Participant: 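Before anything else, here's the structure in question.
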Amino acid sequence: MIRYQSQTMRRFIETYKTCKPRQYNKFFSKDALEEYIAFILEKHRLKKFITIHISFTLLLPLYAIFFYVYRSPWNVVLQKAKDPIALTAIGLSFKLALITAILNTTLGFMITWFLIRYTFTGKRWIDASIDLPFAMPTSVAGLTLSSLFGGKGWIGSLLGEHQIIYTKAGVLLAMVFVSFPFVVRSVQPVLDKINSDVEIEENAWCLGSEDTYTFSRVIFPLSIPALLNGFSLTFSRALGEFGSVVMVSGNFPFEDLVSSVCISQTLEQYDYTGACVISSIVILGACVFLAIMYCFRYYFVLRKK
């Protein structure tokens, strides 16, 4: 029996060595993969793929919201659009998102400048920790902020009557936390390139420019498009934040209720028309803001050229 098995195994090995490779192996060769990539990356096919992808992931959901509003009775739409609770929540959301974008843009540029221009112990750990809000779920971020700044938290217990959680300051804190990395990651490649290209600063110094003048007239103007990009991303992220905000705010109308939580509460009441109307107003306001920021970026890019 053992001899029969050994002969069978020997015959199998000899057959495997002498047989031709299977037909499907050619599909995984290097030449075949290069042909597939070239086939996919052709201009007209890539254009169709991008158009279909953007249509299904971006345009179709927006069309569904606006079409639902369009089909609703206009008297109901106007009533929901004039609701003081919704208007107050939308105004507070835009106001806090703008403050968040200003704070994160200022602090983010300073932190990026410090990371690029200086070498110190723990630099890599600080650089890696900046991406922590990206990896952390927003609900976990809200729970962390509540545990830290709450009435019984490490910092909240020291504040006494001046509490942050369940106020507008808590909403602002949550927005700042979740949108913090955008400015840093937008400006960091630009400052890194300027720092590696020593000729830019040396030419300014050779012309008699001081450090302050070199920064304000040479380095900072080159980073303005990236700053505007990070500002837009921060504003958009803060405007749509929900998971952390709902845990650190009291969610009371006319106090600290923001648009994202207001939409959620409207859906819980099965008021789909009201939720779509509020969403449409927020989307239109965000589109206007992004259009303005795009014009600013376009202007500074042309000016730099």
Side-chain angles (χ1 to χ4, degrees), residues 55-101 133 136-147 149-151 153 156 163-179 233-290:
S55 299
F56 275 93
T57 58
L58 181 62
L59 299 180
L60 190 60
L62 295 178
Y63 172 78
I65 292 177
F66 285 105
F67 184 72
Y68 191 91
V69 175
Y70 175 76
R71 291 187 58 185
S72 302
W74 283 102
N75 57 344
V76 179
V77 172
L78 293 176
Q79 181 183 359
K80 300 297 182 182
K82 295 180 180 179
D83 185 13
I85 296 177
L87 292 178
T88 305
I90 294 172
L92 181 62
S93 297
F94 277 92
K95 178 182 177 181
L96 293 180
L98 184 61
I99 296 174
T100 300
M136 183 181 297
T138 54
S139 58
V140 177
L143 181 61
T144 303
L145 295 176
S146 299
S147 302
F149 293 93
Q163 291 295 317
I164 296 178
I165 302 301
Y166 307 127
T167 62
K168 295 179 183 179
V171 178
L172 180 63
L173 179 64
M175 289 183 176
V176 169
F177 178 81
V178 298
S179 60
L233 293 174
T234 303
F235 179 87
S236 303
R237 182 69 180 86
L239 183 64
E241 177 56 25
F242 174 77
S244 61
V245 168
V246 74
M247 300 188 68
V248 299
S249 64
N251 303 321
F252 293 114
F254 305 107
E255 293 185 10
D256 56 356
L257 181 66
V258 294
S259 59
S260 57
V261 182
C262 182
I263 293 171
S264 177
Q265 291 180 355
T266 307
L267 285 174
E268 290 177 355
Q269 299 171 6
Y270 301 99
D271 186 5
Y272 298 104
T273 304
C276 289
V277 170
I278 299 172
S279 302
S280 302
I281 296 175
V282 175
I283 291 171
L284 291 176
C287 289
V288 172
F289 171 81
L290 292 177

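Every value quoted in this text rests on a predicted model; they were computed, and no experiment measured them.
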Participant: I need the M175 CE to S249 OG distance, nearest 0.5 Å.
Facilitator: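 With rounding to 0.5 Å, CE (M175) is 9.0 Å from OG (S249).
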
Participant: Return the CD1 to CD1 distance between I65 and I278, rounded to the nearest 0.5 Å.
Facilitator: 12.0 Å

Participant: Counting C-beta onward and ignoring hydrogens, is there a side-chain heavy-atom pair between K80 and D271 closer than 4.5 Å?
Facilitator: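 Heavy-atom side-chain distance check passes, below 4.5 Å.
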
Participant: So, does D256 use its side chain to make a donor-acceptor pair with the main chain of F252 at under 3.5 Å?
Facilitator: yes

Participant: Ignoring hydrogens and geometry, is there a side-chain-to-backbone donor-acceptor pair from S93 to S259 under 3.5 Å?
Facilitator: yes

Participant: Looking at every non-hydrogen atom in both residues, tell me the closest pair between S279 and I263 and how far apart they are.
Facilitator: OG-CD1, 3.4 Å

Participant: Grab the two heavy atoms, one from A89 and one from C262, that are nearest each other, plus how far apart they are.
Facilitator: CB-CB, 4.1 Å

Participant: To the nearest 0.5 Å, how far apart are CZ in F94 and CD1 in I99?
Facilitator: 14.0 Å

Participant: Should L284 and V288 be marked as a side chain to side chain contact (heavy atoms under 4.5 Å, CB included) after you check the CA-CA gap, both sets of side-chain angles, and the distance that decides it?
Facilitator: CA-CA 6 Å; L284 291 176; V288 172; 5.6 Å; no

Participant: Got a donor-acceptor contact below 3.5 angstrom from the S236 side chain to the L233 backbone?
Facilitator: no

Participant: List the steps, then state whether side chain to side chain contact (heavy atoms under 4.5 Å, CB included) holds for F242 with S264.
Facilitator: CA-CA 9 Å; F242 174 77; S264 177; 3.6 Å; yes

Participant: Between Q265 and L257, is there a side-chain heavy-atom distance shorter than 4.5 Å?
Facilitator: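 In short, these two side chains touch, coming nearer than 4.5 Å.
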
Participant: Are L62 and I283 side-chain neighbours, meaning at least one heavy-atom pair lies under 4.5 Å?
Facilitator: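 Side-chain contact under 4.5 Å: yes.
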
Participant: List the atom of K168, the atom of E255, and the distance in Å for their closest heavy-atom pair.
Facilitator: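 Scanning both residues, the minimum pair turns out to be CE-O, 2.6 Å.
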
Participant: Let me confirm one number: the CZ-OG1 distance from R237 to T138, rounded to the nearest 0.5 Å.
Facilitator: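 OG1 of T138 is found 6.5 Å from CZ of R237.
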
Participant: When rounded to the nearest 0.5 angstrom, what is the spacing between CG in L143 and OG in S244?
Facilitator: 11.5 Å

Participant: Under 3.5 Å, side chain of S260 to main-chain N/O of E241, donor-acceptor pair present?
Facilitator: yes

Participant: Determine the interplanar angle of the W74 and Y70 rings, folded into 0 to 90°, and report it as parallel if under 30°, tilted if 30 to 60°, perpendicular if over 60°.
Facilitator: perpendicular

Participant: Return the CG to OG distance between L173 and S146, rounded to the nearest 0.5 Å.
Facilitator: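 Output value for this atom pair is 9.5 Å.
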
Participant: Would you call F66 and S280 a side-chain contact if the rule is heavy atoms closer than 4.5 Å?
Facilitator: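 They are in contact (side-chain heavy atoms under 4.5 Å apart), so the answer is yes.
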
Participant: Decide yes or no for D83 and L87: does some side-chain heavy atom of the first lie under 4.5 Å from some side-chain heavy atom of the second?
Facilitator: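 SC-SC contact between D83 and L87 ruled out.
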
Participant: Does Y166 OH have over 12 foreign heavy atoms under 6.0 Å away?
Facilitator: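 Count not over threshold, so no.
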
Participant: Closest approach of S72 and V77, non-hydrogen atoms and distance?
Facilitator: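 Here S72 and V77 meet closest at CB-CG2, 3.8 Å.
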
Participant: Do T234 and S179 have side-chain N/O donor and acceptor atoms under 3.5 Å apart?
Facilitator: no

Participant: Report yes if the side chains of L60 and F56 come closer than 4.5 Å at any heavy-atom pair, otherwise no.
Facilitator: yes

Participant: Looking only at non-hydrogen atoms, find the nearest pair between A275 and L267 and report the distance.
Facilitator: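 In terms of heavy atoms, the two residues are closest at CB-CD2, 3.6 Å.
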
Participant: Please lay out, stage by stage, how V69 and T273 fare under the test side chain to side chain contact (heavy atoms under 4.5 Å, CB included).
Facilitator: CA-CA 7 Å; V69 175; T273 304; over 6 Å; no

Participant: Report the C-alpha distance between F235 and T100 in whole Å, list the side-chain angles of each, state the deciding distance to 0.1 Å, and finish with yes or no for side chain to side chain contact (heavy atoms under 4.5 Å, CB included).
Facilitator: CA-CA 7 Å; F235 179 87; T100 300; over 6 Å; no

Participant: Indicate the atoms forming the closest heavy-atom contact of G274 with T266, along with that distance.
Facilitator: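 Closest pair (atom of G274, atom of T266, distance): C-CG2, 3.9 Å.
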
Participant: Can you find a pair of side-chain heavy atoms, one from I85 and one from F254, that are under 4.5 Å apart?
Facilitator: yes

Participant: Is F149 close to Q163 at the side-chain level, that is, under 4.5 Å between some pair of heavy atoms?
Facilitator: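 With C-beta onward as the side chain, the pair stays apart.
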
